[in-house]
Amino acid sequence: MATNGKPGKGRHGAVRNRIQYYNPKTKQWVKADRGSNTFLNVKNDGTSFKGVTKK
């Protein structure tokens, strides 16, 4: 399980059962649930999600 660390040190580990994909057509990152393969969220600023595995 990803947990928040001490202030200024960042996150410990990755978020489980989540994965993110880059959509080159829209140039945005899409977060999905690994088990059910449903899309959860899209980042509009072009940066990736923190602590989520990239694919």
Side-chain angles (χ1 to χ4, degrees):
M1 172 105 189
T3 58
N4 292 328
K6 295 177 183 175
K9 297 287 183 176
R11 181 179 310 275
H12 296 278
V15 178
R16 294 179 187 232
N17 297 325
R18 299 283 189 267
I19 197 161
Q20 61 181 335
Y21 301 96
Y22 183 71
N23 185 346
K25 192 172 191 178
T26 61
K27 298 179 182 164
Q28 295 175 338
W29 287 92
V30 180
K31 183 168 53 174
D33 185 30
R34 190 176 277 188
S36 63
N37 252 357
T38 57
F39 296 120
L40 301 173
N41 200 358
V42 176
K43 287 230 15 196
N44 293 325
D45 62 0
T47 60
S48 61
F49 292 96
K50 289 170 53 177
V52 181
T53 304
K54 295 178 184 176
K55 185 168 184 181

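The chain is numbered in sequence order, starting from 1.
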### Query
F49 ring centre to K43 NZ or CZ under 6.0 Å, with the angle to the axis within 45°?
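Yes, K43 sits over the ring of F49.
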### Query
Mind checking what makes side chain to side chain donor-acceptor pair (under 3.5 Å) contact with N37, not counting sequence neighbours?
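N37 satisfies side chain to side chain donor-acceptor pair (under 3.5 Å) with no other residue.
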### Message
Applying side chain to side chain donor-acceptor pair (under 3.5 Å), can you list everything that pairs with N44, at least two apart in sequence or on another chain?
### Response
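For N44 the side chain to side chain donor-acceptor pair (under 3.5 Å) partners, ignoring immediate neighbours, are Q28.
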### Message
With a 4.5 Å cut-off on side-chain heavy-atom distances among I, L, V, M, F, W and Y, is there a chain of contacts connecting V52 to L40?
### Response
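Per the 4.5 Å side-chain linkage, V52 and L40 are not co-clustered.
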### Task
Supply the atom-to-atom distance N41 CG to D33 CG, rounded to the nearest 0.5 angstrom.
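It is 13.0 Å, given to the nearest 0.5 Å.
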### Query
Just how far is it from atom CH2 of W29 to atom CG of N23, taken to the nearest 0.5 Å?
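CG of N23 is found 10.5 Å from CH2 of W29.
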### Message
To check you understand the geometry: which heavy-atom pair defines the closest contact between R34 and R18, and what is its length?
### Response
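Nearest pair, atom of R34 first, then R18: NH2-O, 4.1 Å.
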### Message
Among residues at least two apart in sequence or on other chains, which ones pass ring pair (Phe, Tyr, Trp, His ring centres under 6.0 Å) with Y21?
### Response
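Listed in chain order: nothing, the list is empty.
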